Amino acid sequence: MKKDDLFEKIVAGEIPANILYQDEYVTAFEDINPQAPVHVLIVPNRNIPTLNAAEAEDEALLGKLFLAAKKLAGELSIAEDGYRIIVNCNENGGQDVFHLHMHLLGGKRLGRMLPNI
Ligand code: 5GP
């Protein structure tokens with residue numbers, strides 16, 4: 001299976017994942033390989049492969065990703081201590097799955113934003 005299809009299949013319930021939130025526009029589920037005590041992926045239900053492919057008409061959808069992250073941060077009790085949102089894009093950004101996704105990370109001090117800087 002192409003990795004591009006992976007998150008679409010999770011959104012559709014065809015591949016199992018621990019889904020924490022889903023509505024008409026976005027789905028949030030636990031990362032299979034968590035890098036922090038809380039590591040959630042928030043994706044648009046409709047695949048936009050990378051942020052480069054986002055258009056002006058996607059403005060509201062992109063906002064929904066942030067609002068879902070804020071809601072989950074509250075529900076997962078990491079809002080007050082703090083958290084980090086990451087969106088990787090293409091090779092230099094380290095993007096592995098080509099379905100736009102936001103990483104929500106927290107539950108511990110995350111250290112410097114990038115290593116070796
Ligand atoms: P990227 O490197 O593209 O920004 O992040 C892709 C993320 O997807 C990685 O953190 C990886 O652990 C996660 N991932 C890859 N395959 C699966 C899967 O089958 N299920 C879930 N829940 N997460 C996955």
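As the structure is a prediction and not an experimental result, all values here were calculated from the model. Just so you know, ligand 1 is whichever comes first in the structure, and atom 1 is the first atom listed for that ligand.
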Does some side-chain heavy atom of Leu20 sit less than 4.5 Å from a side-chain heavy atom of Val40? yes

Side chain or backbone of Leu6 under 4.0 Å from ligand 1, or both, or neither, by non-hydrogen atoms? side chain

Sub-3.5 Å N/O-N/O distance, Leu41 and ligand 1: no

Determine, considering heavy atoms only, which of Ile19, Ile32, Val87 sits nearest to atom 17 (C) of ligand 1. Ile32

Below a 4.0 angstrom heavy-atom separation, can you tell me which part of Ile10, side chain or backbone, both or neither, approaches ligand 1? side chain

Here the atoms of ligand 1 under 4.0 Å from any heavy atom belonging to Phe7 are 8 (O)

Evaluate the side-chain proximity of Tyr83 to Leu104: yes if any heavy-atom separation is below 4.5 Å, no if none is. yes

Closest heavy-atom approach to atom 7 (C) of ligand 1 among Asn90, Val97, Asp96, Asp31 is made by Asp31

Given side chains that start at C-beta, do those of Val38 and Leu105 come closer than 4.5 Å, heavy atoms only? no

Is the closest side-chain heavy-atom distance between Ile42 and His101 below 4.5 Å? no

Side chain, backbone, both or neither: which applies to Phe98 and ligand 1 if a contact is any heavy-atom pair less than 4.0 Å apart? neither

Do the side chains of Asp58 and Arg46 get close enough for a salt bridge, i.e. N-O under 4.0 angstrom? yes

Under 4.0 Å from one or more heavy atoms of Asn33, ligand 1 contributes atoms 12 (O)

Side-chain donor/acceptor of Asn90 to backbone N/O of Asn92, under 3.5 Å: no

Can you confirm, on distance only, whether ligand 1 has an N/O atom lying under 3.5 Å from any N/O atom belonging to His39? no

Heavy-atom distances under 4.0 Å decide this one: backbone, side chain, both or neither, for Ile86 against ligand 1? neither

Could you list the atoms of ligand 1 found under 4.0 angstrom from a heavy atom of His101? 1 (P), 3 (O), 4 (O), 5 (O), 6 (C)

According to a 4.5 Å side-chain heavy-atom criterion applied to Ile, Leu, Val, Met, Phe, Trp and Tyr, with indirect links allowed, do Phe29 and Val97 form part of one hydrophobic cluster? yes

Per-atom contacts of ligand 1 with Asn88, taking only distances under 4.0 Å to non-hydrogen atoms: 1 (P), 2 (O), 4 (O)

By number and element, which atoms of ligand 1 are closer than 4.0 Å to a non-hydrogen atom of Phe29? 22 (N)

With the side chain counted from C-beta on, respond yes when Leu65 and Val43 share a heavy-atom pair under 4.5 Å apart, and no when they do not. no

Would you say the side chain of Leu41 lies within less than 4.5 Å of the side chain of Met102, judging by non-hydrogen atoms? no

Gln95 neighbourhood, listing ligand 1 atoms whose heavy-atom distance to it stays under 4.0 Å: 3 (O)

